[in-house]
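Everything numeric in this text was worked out from a predicted model, so none of it was measured.
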Amino acid sequence: MGKLNKLSGFPELLPSGRVIEQYILDAARQVFELHGYLSLETRAVEPIDHMQRSGEIDKEIYVLRRLHASAEEADPGLGLHFDLTVPFARYVLEHAAHLDFPLRRYQIQKVWRGERPQEGRFREFTQADIDVVGKGPLAFHHEIEMAVVMATLLASLPIPPAVIQVNNRKLAEGFYRGVGATDTQSVLRAIDKLDKIGADRVRRLLETETGLTPEAAAKCIKLASIRSLDASFVEQVRALGVTNELLDQGLSELAAVVTGANAERRGSVVADLRIARGLDYYTGTVYETQLVGFESIGSISSGGRYDNLASNDKQSYPGVGISLGVSRLVSILIGKNLVSVSRAVPSAVLVAVADEASRGASELVARQLRARGIPCEVAPSADKFGKQIQFADRRGIPYVWFPATTDPEGAAGDTVKDIRSGEQVEADVTRWQPPPDDLKPRVFSNVDTSTALRESL
RNA sequence: GUGCUCGUAGUUCAACGGUAGAGCGCAGCCUUGUGGUGGCUGAUGUUGCGGGUUCGAAUCCCGUCGGGCACCCCA
């Protein structure tokens with residue numbers, strides 16, 4: 001057998017890592033459903049030309065073909081989807097007649113991108129998306145809702161505090177027009193590079209490539225430096241002395257998102273006018289999310305409002321959505337050792353086996369525990385009890401159950417041992433219950449998130 | 001795709017031209033049916049792969065494959 005290499009960018013978790021991932025997936029599902037989002041899944045494959053239409057041409061798409069496709073067979077032009085928004089837009093158009101609008105759905109699936117992997121960036125990864133899509137109009141208040149739902153989910157996880165940074169495309173575009181820019185996309189793209197290349201080089205880009213006057217470029221950079229936890233950013237923008245109708249609309253929308261979301265989840269959202277986002281189909285609020293203390297890894301959740309998620313001749317479907325980068329978040333938690341798990345296996349109890357002749361008695365104990373919802377397994381072999389306890393210890397199984405011995409000298413009933421404390425007590429298999437904390441693997445934070453949160457504000 | 005860097009035991013790493021080693025982990029015993037601590041003993045490698053230089057290569061050179069990071073782009 002040849003040497004098996006792990007594939008770069010296609011992560012596979014160890015059992016304890018998978019416990020963390022599943023914890024997040026369960027939490028996402030629970031929070032999304034609590035907010036009324038229904039679950040959808042789309043196929044993994046989309047026509048390549050359809051995926052390219054809404055993004056740039058150079059998307060890194062994995063192409064799909066049959067191994068036995070003959071040379072003269074037409075290439076169906078299929079690829080693995082690189083996000084969940086484009087397939088969802090296609091799904092909405094295709095099934096519109098059977099859907100009720102506004103439609104709120106969540107979608108948790110793998111996506112694939114051919115980019116070179118690095119820290120927190122993979123070629124195969126899981127996203128958890130929520131979107132609300134309207135038929136014709138879509139009320140603005142859903143743009144507040146996105147931030148609230150995601151903030152609720154993030155707050156429910158044992159992770160460092162997360163801050164959702166929001167901006168508004170109308171605000172930015174109106175401002176750029178107000179200072180005389182014609183190609184607002186290129187201003188946005190330059191501003192997006194502020195973190196990477198710095199203000200001086202962005203200023204030069206704006207003056208040379210976008211053709212802004214030095215004053216206009218300076219104002220655009222000034223705009224990007226504005227940041228506030230409440231609506232006070234509005235005055236700061238006004239102080240720059242730019243007037244434009246679209247700008248006004250953007251200002252009031254962004255103010256509504258920041259005050260509205262923070263009213264529900266204090267400190268969850270900050271207006272940050274530097275947030276640009278490369279994708280050109282956003283038309284209103286845009287979101288990015290940083291984990292406090294781990295900003296360098298990039299956004300763990302982002303999205304925005306798009307007036308034209310999908311459209312056909314008769315109808316257009318505006319939407320707003322936000323996506324949690326599950327794989328990225330999990331990789332940070334594991335890589336930076338931010339969380340621990342109580343055990344990597346589901347079993348709360350290992351039922352010991354005295355000898356192979358009495359395995360049936362042990363199986364019966366296990367059946368009775370399972371009937372009451374207690375995950376358990378029976379020891380694989382009738383080793384010395386020390387070995388069986390060690391078997392449980394290595395897996396983090398907290399309890400070992402010793403069935404009543406048939407040995408007349410033993411004369412004892414069933415006992416259960418908490419192998420962490422060593423305490424062993426008599427127990428009735430029809431009544432014994434582990435503490436709720438021990439029933440399922442637990443995921444807990446290794447860092448004191450409360451102080452970290454205070455420092456960030 | 002381009003650039004930089006790194007591939008040694010299950011794992012983390014050492015040895016930097018002269019017989020491949022340590023910690024952790026693993027197995028056994030001390031401990032004859034209740035683990036963890038401690039003590040003793042033991043097993044494990046085509047040094048990623050291929051070629052070259054050399055009396056001699058894990059070490060130097062070339063190629064190749066793979067990993068990591070940066071650019072690009074994004075969760």
*Pair R203(A) + D200(A), salt bridge at N-O below 4.0 Å*: yes

_Using a strict threshold of under 4.0 Å (side-chain N to carboxylate O), is an ion pair present between R305(A) and D131(A)?_
no

*asked:* Considering every strand and a 4.0 Å limit on heavy-atom distances, what is the contact class for K387(A): base, sugar-phosphate, or nothing?
replied: sugar-phosphate

_Whether K417(A) and E423(A) form a salt bridge (side-chain N of Lys/Arg under 4.0 Å from carboxylate O of Asp/Glu) is what I want to check._
no

*Out of G35(B), C73(B), C69(B), which nucleotide sits closest to the side chain of R121(A)?*
C73(B)

*asked:* Need one value for A128(A): base, sugar-phosphate or nothing, where a base atom within 4.0 Å counts as base even if backbone is also close, heavy atoms only.
replied: nothing

*Dot-bracket, RNA chain B: Watson-Crick or G-U, under 3.5 angstrom, [ ] crossing, | other strand?*
(((((((..((((....[..)))).(((((.......))))).....(((((..]....))))))))))))....

*Is the CZ atom of R359(A) crowded by more than 12 outside heavy atoms at less than 6.0 Å?*
yes

*asked:* Give me the distance, rounded to whole Å, that separates G52(B) from U2(B) when you measure between the C1' atoms they each carry.
replied: 28 Å

*Assess the side chains of T210(A) and S186(A): does a donor N or O sit below 3.5 Å from an acceptor N or O?*
yes

_Separation between the P atoms of U44(B) and C6(B), rounded to whole Å_ = 32 Å

*Specify the residues of residues 26-35 of chain A, ordered by number, for which at least one heavy atom lies under 4.0 angstrom from an atom of RNA chain B.*
none

_Sugar-phosphate, base or nothing in reach of I300(A), heavy atoms under 4.0 Å_ = sugar-phosphate

*Looking only at atom C1', what distance separates A9(B) and G45(B), rounded to whole Å?*
5 Å

*Hey, is the side chain of S302(A) poking within less than 4.0 Å of OP1 or OP2 on A75(B), counting only N and O atoms?*
yes

*Looking only at N and O atoms, is any donor in the side chain of Q424(A) or the base of U34(B) less than 3.5 Å from an acceptor on the other one?*
yes

*Ion pair R328(A)/E119(A), N-O distance below 4.0 Å*: no

_Which nucleotide in C72(B), C69(B), G35(B) has an atom nearest any side-chain atom of I389(A)_ = G35(B)

_Pairwise P distance, U54(B) and A15(B) [rounded to whole Å]_ = 27 Å

*Separation of I159(A) atom CD1 from A75(B) atom C1', in whole Å?*
14 Å

*With centres under 5.5 Å and planes under 30°, do F125(A) and A75(B) count as stacked?*
yes

*Answer with base, sugar-phosphate or nothing: what part of the nucleic acid does F391(A) contact at a heavy-atom distance below 4.0 Å?*
nothing

*Phosphate OP1/OP2 of G35(B): any K384(A) side-chain N/O under 4.0 Å*: no

*For E115(A) and G68(B), give me the distance from atom CD to atom P, rounded to whole Å.*
15 Å

*Look at all strands and tell whether G422(A) reaches a base, only sugar-phosphate, or nothing, counting heavy atoms closer than 4.0 Å.*
base

*asked:* Within the 4.0 Å heavy-atom criterion, would you say R123(A) contacts the bases, only the backbone, or no part of the nucleic acid?
replied: nothing

*asked:* Let's see if you can work this out: which of A75(B), A27(B), U34(B) has an atom nearest to the side-chain heavy atoms of R394(A)?
replied: A27(B)

_Please report the distance separating the P of C62(B) from the corresponding atom of C4(B), rounded so that it comes out in whole Å._
12 Å

*asked:* Go through it in stages, so that I can follow the logic: the residues are R105(A) and Q107(A), the test is side chain to side chain donor-acceptor pair (under 3.5 Å), and I'd like the CA-CA distance, side-chain angles, deciding distance and then a yes or no.
replied: CA-CA 7 Å; R105(A) 81 88 177 79; Q107(A) 194 170 338; 2.7 Å; yes

*Within the structure shown, what part of the strands sits under 4.0 Å from T289(A) by heavy-atom distance: base, sugar-phosphate, or nothing?*
nothing

*Find the distance L25(A):CG to A75(B):C1' and express it as a whole number of Å.*
14 Å

*Is the ring centre of W432(A) less than 6.0 Å from the ring centre of Y399(A)?*
yes

*Under the side-chain contact (heavy atoms from CB on, under 4.5 Å) test, which residues partner Q165(A), sequence neighbours left out?*
R227(A), V270(A), D272(A), R274(A), I275(A), E288(A), Q290(A)

*P atoms of G63(B) and G28(B), separation to the nearest Å*: 49 Å

*Between atom CD1 in I419(A) and atom P in U37(B), what is the gap in whole Å?*
13 Å

*asked:* Taking the P atom in each of A20(B) and A57(B), what is the distance between them to the nearest angstrom?
replied: 11 Å

*Starting at the 5' end of RNA chain B, which residue's closest nucleotide do you reach first, V353(A) or R420(A)?*
V353(A)

*Could you state the atom-to-atom distance from NZ of K193(A) to P of C73(B) in whole Å?*
5 Å

_Without decimals, in angstroms, what is the distance between Q388(A) CD and G36(B) C1'?_
16 Å

_A14(B) and A70(B), which share atom name C1', separated by this distance in whole Å_ = 29 Å

*When we call it a touch if two heavy atoms are under 4.0 Å apart, what does A382(A) touch: a base, just sugar-phosphate, or nothing?*
base

*Whole-Å gap separating C1' (C71(B)) and CD (Q118(A))*: 9 Å

*Rounding to a whole Å, what distance do you find between Q107(A):CD and A75(B):C1'?*
15 Å

_Please determine whether a side-chain nitrogen of the Lys or Arg among E115(A) and R123(A) lies less than 4.0 Å from a carboxylate oxygen of the Asp or Glu._
no

*Contact under 4.0 Å: R189(A) side-chain N or O vs C73(B) OP1/OP2*: no

_Pairwise distance CZ(F391(A)) to CD(E377(A)) - rounded to 0.5 angstrom_ = 5.0 Å

*Using the ring of each side chain (for Trp, its six-membered ring), is F32(A) parallel, tilted or perpendicular to Y106(A), with breaks at 30° and 60°?*
tilted

